[in-house]
Amino acid sequence: MAEKPSRSTAKLLVRQAKLSDAQAIVDLSRRVYGDDYSYTPEMVAGQLTHFHQGQFVAIYEDLIVGYCATFRIAEDIALKPHTWRQVTGAGYGSRHDAHGDWLYGMEVCVDPKRRGLRIGRRLYSERKKLCAKLNLKGIVFGGRLPGLARRIKQYGSPQAYVEAVQADRLRDGTLSFQLRNGFELIGVLQGYLPSDKESLGFAAHLVWRNPNRAEHPVVAEVQRRGHLPDVVRVATVQYQQRRIAAYEDFATQVEYFVDVAADYDADFVVFPELFTLQLLSVENKKLSPADSMRSLTSYTERFCETLTKLAVQYNINIIGGTHPTHMPEGDIHNNCYVALRDGSLHVREKLHPTPNERHWWKISGGEGAQTIMTDCGPIGIMICYDAQFPELARHLCDQGAMLLFVPFCTDVRQGFLRVRNCSAARAIENQCYVVLSGNVGNLPGVNNFDIQYAQSCILTPCDFPFATDGIAADTTPNVEAVAFADLRLDALLQARASGTVQNLKDRRHDLYHVNWRR
């Protein structure tokens, strides 16, 4: 009997470094650079003492596997030619200027054995968050050019080499990554780090400019309190059902879409309701509808392990559709599993099974509707039929959610439109974003899995900061697809504070309210 998995703790964390981490950071630098070029305990202590706020460590399974060091610096120093020793005070971070208006990135290193977990990207993200929180002009640093020594004869000069990388005629393992992550090339630094033989001592002079400097004042206040990003990128998967021979085939398909979304730097990837019904084609036994649900519950633990592993590996938050789950009390619930990129797993139950789900599949409704705190702020889950009850969305938004995710599974267009139109209403009345993800395709000969109809989409309120039709992204009906949208949280906050209509603010609390059972 498969029971409801308990919420797991984070496996991969990024946090501010402490003085007690100094020896572990030194050990990490030895694994990365060798004994001759590693940091000393005194250097790490200096970095932490001068600007504790700007040093971060990545911890995986209780081991420090990544380190990021920064300090503040004045523009006239940061944007002029310099060397690593000059600008960092020989690695001690002693050039830190508490009034400096730029953040200088002096170090990012990652354990060579953990480079498949996108730890570098997480550390760069923490730098950007810190820069935004301090309202600095941006980030500046000298970036390695590990392909330069091998290509210098071909290109003739470091300048020609970086220009080729910038024009996408050539790939450099470090510079290409930094350019994809929003950094701007402003020059080449000569003699930056003479010990870096692969870069011939040169470095790319790179900056990232803080987009929040001229931000709406309401948003600035919220971001100072909650450290929210200004833009959240969402990918919704319109999932094609096809026969599979083993669970591993299903896991491969899921990983494919997670990989695609991660390659486009999405913060969230969303899968449909009951997309694990595809697993019925593995054995394809003639079971009653209720027994088919019970058979699927045997996959719960493997399914959760797959989601958690992929979320960490690809550095993305996964809204894992839904999966039938055998509960401790004996009922079967239709649960959404949310795997966050810190390695934690969260469960949200469908509250409103449809009449057919109750009758044929013997699925019972869950209880409770709490938001889930993510690195992009609190989110809410509404599973298909749930979206047709306005009380749930309002309850989630009252808890602070600005993004609501709706995994759905509908067989015909009328059913889909009920979910779509109600979700659009939820977006308008709660001034929030609503993301829908549905199944397409059919499995002929597979018992208890009917036809599918979907047109997955990402919906917005209808006001001037948003798309005219309230649709940030849409898919073609009934074909496999992935839709992306960049969702600005400041636009929501601006609409809530001073929009053409202000649904949340204008509620008549003196006339009505909804009480949720404790």
request  = Would you please test Thr306 and Tyr247 for side chain to side chain donor-acceptor pair (under 3.5 Å) and show each step?
outcome  = CA-CA 11 Å; Thr306 297; Tyr247 177 84; 2.7 Å; yes
query = How far apart are the C-alpha atoms of Glu480 and Arg242, what are their side-chain angles, what is the distance that settles it, and do they pass the salt bridge (Lys or Arg N to Asp or Glu O under 4.0 Å) test?
reply = CA-CA 11 Å; Glu480 189 165 67; Arg242 52 177 67 83; 3.1 Å; yes
key: Glu198 versus Arg144, closest heavy-atom pair with distance   = OE1-NH2, 2.7 Å
query = Rounded to the nearest 0.5 Å, how far does CG of Asn181 lie from OG of Ser125?
reply = 9.0 Å
ask   = Do Gln47 and Tyr67 pass the side chain to side chain donor-acceptor pair (under 3.5 Å) test, and can you show the C-alpha distance, the side-chain angles, and the key distance before you say yes or no?
value = CA-CA 12 Å; Gln47 296 163 17; Tyr67 178 56; 2.6 Å; yes
ask   = Is there a donor-acceptor pair closer than 3.5 Å between any side-chain N or O of Ser437 and the backbone N or O of Gln238?
value = no
ask   = Distance from Thr276 atom OG1 to Arg302 atom CZ, nearest 0.5 Å?
value = 13.0 Å
inquiry  = On the six-membered ring of Tyr155, is Arg151 placed so that its NZ or CZ lies under 6.0 angstrom from the centre and within 45° of the ring axis?
reply    = no
query = Is the closest side-chain heavy-atom distance between Leu148 and Pro158 below 4.5 Å?
reply = yes
task = Kindly say whether Leu117 contributes a backbone atom to a donor-acceptor pair with the side chain of Arg122 at under 3.5 angstrom?
result = yes
query = Under 30°, 30 to 60°, or over 60°: which ring-plane class applies to Phe466 and Tyr433, parallel, tilted or perpendicular?
reply = perpendicular
message = Taking the basic N atoms (NZ, or NE/NH1/NH2) and the acidic carboxylate oxygens, is any pair closer than 4.0 Å for Lys11 and Asp342?
response = no
task = Might you work through the side chain to side chain contact (heavy atoms under 4.5 Å, CB included) test for Val254 and Ile318, ending with a clear yes or no?
result = CA-CA 10 Å; Val254 174; Ile318 303 175; 5.9 Å; no
ask   = Do Tyr161 and Gln166 meet the criterion of a side-chain donor-acceptor pair at a distance under 3.5 Å?
value = no
request  = Measure from the side-chain N and O atoms of Asp259 to the backbone N and O of Glu255, and report whether any donor-acceptor pair falls under 3.5 Å.
outcome  = no
key: Neighbour count above 12 (heavy atom, 6.0 Å) for Asp76 CG   = yes
ask   = Counting only N and O atoms by type, is there a donor-acceptor contact under 3.5 Å from the side chain of Asn317 to the main-chain atoms of Asp267?
value = yes
task = For atom CZ of Arg15, decide whether the heavy atoms of other residues, nucleotides or ligands shown that lie under 6.0 angstrom number more than 12.
result = yes
query = Which pair of non-hydrogen atoms, one from Asp474 and one from Cys457, has the smallest distance, and what is that distance?
reply = OD1-CB, 3.5 Å
request  = Could you verify whether a donor N or O on one side chain and an acceptor N or O on the other, from Gln278 and Gln253, lie under 3.5 Å apart?
outcome  = yes
task = With Lys128 as the cation and Phe183 as the aromatic partner, state whether NZ or CZ is under 6.0 Å from the six-membered ring centre and within 45° of the axis.
result = yes
Tyr33 atom OH, over 12 foreign heavy atoms within 6.0 Å = yes
message = Do the side chains of Asp111 and Lys113 get close enough for a salt bridge, i.e. N-O under 4.0 angstrom?
response = no
ask   = Is there a donor-acceptor pair closer than 3.5 Å between any side-chain N or O of Asn430 and the backbone N or O of Cys432?
value = no
ask   = How far does OG1 of Thr70 sit from NE2 of His96, to the nearest 0.5 angstrom?
value = 9.0 Å
message = So does Thr88 get a backbone contact from the side chain of His82, meaning a donor-acceptor N/O pair under 3.5 Å?
response = no
ask   = Phe71 and ring pair (Phe, Tyr, Trp, His ring centres under 6.0 Å): which partner among Tyr92, Tyr104, Phe51?
value = Tyr104
Non-hydrogen atoms of Leu136 and Asp101 that approach each other most closely = CB-O, 3.6 Å
ask   = Can you tell me if CD on Gln16 sees more than 12 non-hydrogen neighbours from other groups inside 6.0 Å?
value = yes
task = Indicate whether any N or O donor in one side chain lies under 3.5 Å from an N or O acceptor in the other, for Tyr337 and Thr308.
result = no
query = Do we see a donor-acceptor contact under 3.5 Å between the side chains of His346 and Ser344?
reply = yes
inquiry  = Using ring-ring contact (aromatic ring centres under 6.0 Å, His included), reason through Tyr192 and Phe202 one step at a time and then give a plain yes or no.
reply    = CA-CA 5 Å; Tyr192 183 74; Phe202 289 90; over 10 Å; no
query = Hey, mind stepping through Asn335 and Thr322 against side chain to side chain contact (heavy atoms under 4.5 Å, CB included) and telling me if it holds?
reply = CA-CA 5 Å; Asn335 288 350; Thr322 72; 6.0 Å; no
message = Show the nearest heavy-atom pair for residues Ala485 and Ala473, with the distance to one decimal.
response = CB-CB, 4.1 Å
note = Heavy-atom nearest pair, Pro112 first then Val32, reads CD-CG2, 4.1 Å
request  = Go through the steps for Leu403 and Leu489 under the test side chain to side chain contact (heavy atoms under 4.5 Å, CB included), then give the verdict.
outcome  = CA-CA 9 Å; Leu403 291 92; Leu489 301 185; 3.9 Å; yes
ask   = Without hydrogens or angle criteria, can the side chains of Thr300 and His323 be said to hold a donor-acceptor pair below 3.5 Å?
value = yes
query = Atom CZ of Phe257 and atom CD1 of Ile316: how far apart are they, to the nearest 0.5 Å?
reply = 13.0 Å
Test side chain to side chain contact (heavy atoms under 4.5 Å, CB included) applied to Leu103 and Ile139, step by step = CA-CA 5 Å; Leu103 196 65; Ile139 302 169; 4.2 Å; yes
Side-chain donor or acceptor of Arg72 paired with backbone N/O of Gly100 under 3.5 Å = yes
query = Looking only at heavy atoms, which two atoms of Ala78 and Val140 are closest? And how far apart?
reply = CB-CG1, 3.4 Å
request  = State whether the side chain of Gln55 and the backbone N or O of Leu48 hold a donor-acceptor pair below 3.5 Å, judged by distance alone.
outcome  = no
task = Enter the distance from Asp263:CG to Arg180:CZ here, rounded to the nearest 0.5 Å.
result = 8.5 Å
query = Between the main-chain N or O of Thr371 and the side-chain N or O of Arg348, is there a donor-acceptor pair closer than 3.5 Å?
reply = yes
Validation row, ring centre Phe275 to ring centre Phe271 under 6.0 Å = yes
ask   = Is Asp21 reaching over with its side chain to a backbone N or O of Ala24, donor-acceptor style, under 3.5 angstrom?
value = no
message = Please report the interatomic distance CG(Leu145) to CG(Leu189), rounded to the nearest 0.5 Å.
response = 9.5 Å
